[in-house]
Visitor: 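Please find one structure pasted underneath; my questions will follow.
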Amino acid sequence: MRVLVTGGAGYVGSVSVERLVEAGHEVVVLDNHATGFGSPDLTGAELVDGTYGDRDAVQRLLEDRGIEAVLHCAARSVVPESVRNPSLYYVENVQGGIALLEAMRLAGVNRLVISSTAAVYGVPEEVPIPEDARLQPINTYGETKRTLETAAGWYASAHGLRPVALRYFNVAGASERNGERHEPEPHLIPNLLTSVRTGLPFTLTGVDYPTPDGTTIRDYLHVLDLAEAHRAALEATVPGDPRTDGLLALNLGSGRGFGVREVIAEVERVLGQRLEVREGPRRGGDPPALVAKIDRAREVLGWTPERSTLEAMIGSAWAYQARREPAAPADS
Ligand SMILES: NC(=O)c1ccc[n+]([C@@H]2O[C@H](COP(=O)([O-])OP(=O)(O)OC[C@H]3O[C@@H](n4cnc5c(N)ncnc54)[C@H](O)[C@@H]3O)[C@@H](O)[C@H]2O)c1
């Protein structure tokens with residue numbers, strides 16, 4: 001299959017490109033380098049510079065390359081920034097997303113997998129969260145993802161789009177070639193590893209949540225398991241497959257939740273180093289617990305998050321950071 005991966009130079013996109021190339025698919029990456037940092041290894045794929053928000057250019061690209069399916073990973077995805085600057089998030093994630101849907105419609109491409117997020121649920125009424133839980137996002141980021149999912153559903157009924165929205169929980173870990181790098185880095189595991197490497201203290205953002213250790217509980221998914229889910233979801237969009245006759249929404253997580261103190265203890269155990277931890281106030285807008293119910297992805301895609309142990313995610317992310325920023329020689 002010939003696949004266009006938007007945001008394929010970013011963290012999730014680059015590891016997914018690796019998996020798709022390995023599975024024998026032809027991959028074109030479209031990225032404008034707005035938020036991806038570093039130089040991902042995209043061996044085997046073609047890299048095109050540009051935005052998915054340019055409808056005409058994307059239509060031409062889809063037609064020129066004979067693209068059959070789109071994996072839409074590109075987005076703005078920093079929650080506090082989305083709350084400060086809703087316009088950027090509506091223009092990029094919604095207006096840009098609709099331009100992409102239009103380009104696909106005009107080019108006659110109807111197979112689509114969207115990177116969505118647990119942020120569409122807001123503060124859930126039940127945990128683990130099933131896909132049919134109410135969608136009530138509490139920040140602009142989650143709202144724009146919900147809007148794009150909904151639009152894809154309407155394009156399905158009006159134009160025969162075959163969309164899958166994959167609602168990721170917390171993605172972590174790295175492949176042998178690509179990994180996570182954001183500036184600023186909003187995610188727990190890379191920030192803990194940076195504290196280990198620099199010796200700077202790590203501050204807990206809230207220790208009075210109604211959870212066993214007082215910190216927020218999150219569900220961590222190995223980026224390699226996510227890449228495999230992308231591959232399986234793209235294959236489920238093939239015309240005639242009843243799974244994608246309308247919008248198919250699937251949670252992707254490990255199905256297990258960990259408090260921040262548990263993740264810290266595991267980082268210390270895996271790396272054999274101690275972290276200096278301080279207690280700070282809540283950030284605001286953080287739900288106490290977000291854990292995925294993943295039965296639907298298991299059943300519908302035949303997918304299992306087999307690599308998503310904290311140990312594997314921490315170990316691979318540590319190896320990736322070390323490759324990127326090798327330790328200075330002791331005597332320099
Ligand atoms: N990382 C996570 O834990 C997580 C969790 C839930 C959902 N997601 C979603 O997964 C997707 C990928 O996240 P990530 O962590 O890899 O982010 P990332 O910032 O590393 O990658 C996004 C990529 O998209 C590109 N991009 C942004 N705007 C673009 C545009 N207009 N045109 C073309 N390219 C553009 C960026 O340059 C970057 O390379 C996002 O949609 C995000 O909302 C990520």
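One-based numbering, in listed order, for ligands and for the atoms of each. Reckoned from all heavy atoms, side chains included, excluding hydrogens, waters and symmetry mates.
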Visitor: If only side-chain N and O atoms count, and only distance matters, is there a donor-acceptor pair under 3.5 Å linking Thr144 with Tyr90?
Guide: no

Visitor: Could you work out, for atom 1 (N) of ligand 1, the closest of Arg181, His33, His187 by heavy-atom distance?
Guide: His187

Visitor: Just verifying a value: how many Å separate Glu235 CD and Thr244 OG1, rounded to the nearest 0.5 Å?
Guide: 12.0 Å

Visitor: Would you mind telling me if ligand 1 is within reach of the side chain of Glu180, the backbone, both or neither, using heavy atoms under 4.0 Å?
Guide: neither

Visitor: Compare Tyr168, Tyr52, Tyr11 and give the one whose heavy atom is closest to atom 44 (C) of ligand 1.
Guide: Tyr168

Visitor: Are Arg167 and ligand 1 in contact, using a heavy-atom cut-off of under 4.0 Å?
Guide: no

Visitor: Pick one: which of Asn251, Leu248, Val120 meets side-chain contact (heavy atoms from CB on, under 4.5 Å) with Glu131?
Guide: Asn251

Visitor: If you have a sec, work out which protein heavy atom is nearest atom 24 (O) of ligand 1 and how many Å separate them, to one decimal?
Guide: Gly7 CA, 3.2 Å

Visitor: Quick check: does any side chain N or O of Asn178 sit under 3.5 Å from a backbone N or O of Asp41, one acting as donor and the other as acceptor?
Guide: yes

Visitor: If you measure from atom 4 (C) of ligand 1 to every heavy atom of Val58, Val171, Asp31, which option wins on shortest distance?
Guide: Val171

Visitor: For atom 7 (C) of ligand 1, which of the options Ser77, Ser14, Ser116 provides the nearest non-hydrogen atom?
Guide: Ser116

Visitor: So, for Tyr168 and His230, is the gap between ring centers shorter than 6.0 Å?
Guide: yes

Visitor: Would you mind finding which of Leu252, Val120, Asn32, Asp54 brings a heavy atom closest to atom 28 (N) of ligand 1?
Guide: Asn32

Visitor: Would you say Tyr89 and Glu81 are linked by a side-chain donor-acceptor pair, where the criterion is simply a distance under 3.5 Å?
Guide: yes

Visitor: Check for me whether Ala118 has a heavy atom closer than 4.0 Å to any atom of ligand 1.
Guide: no

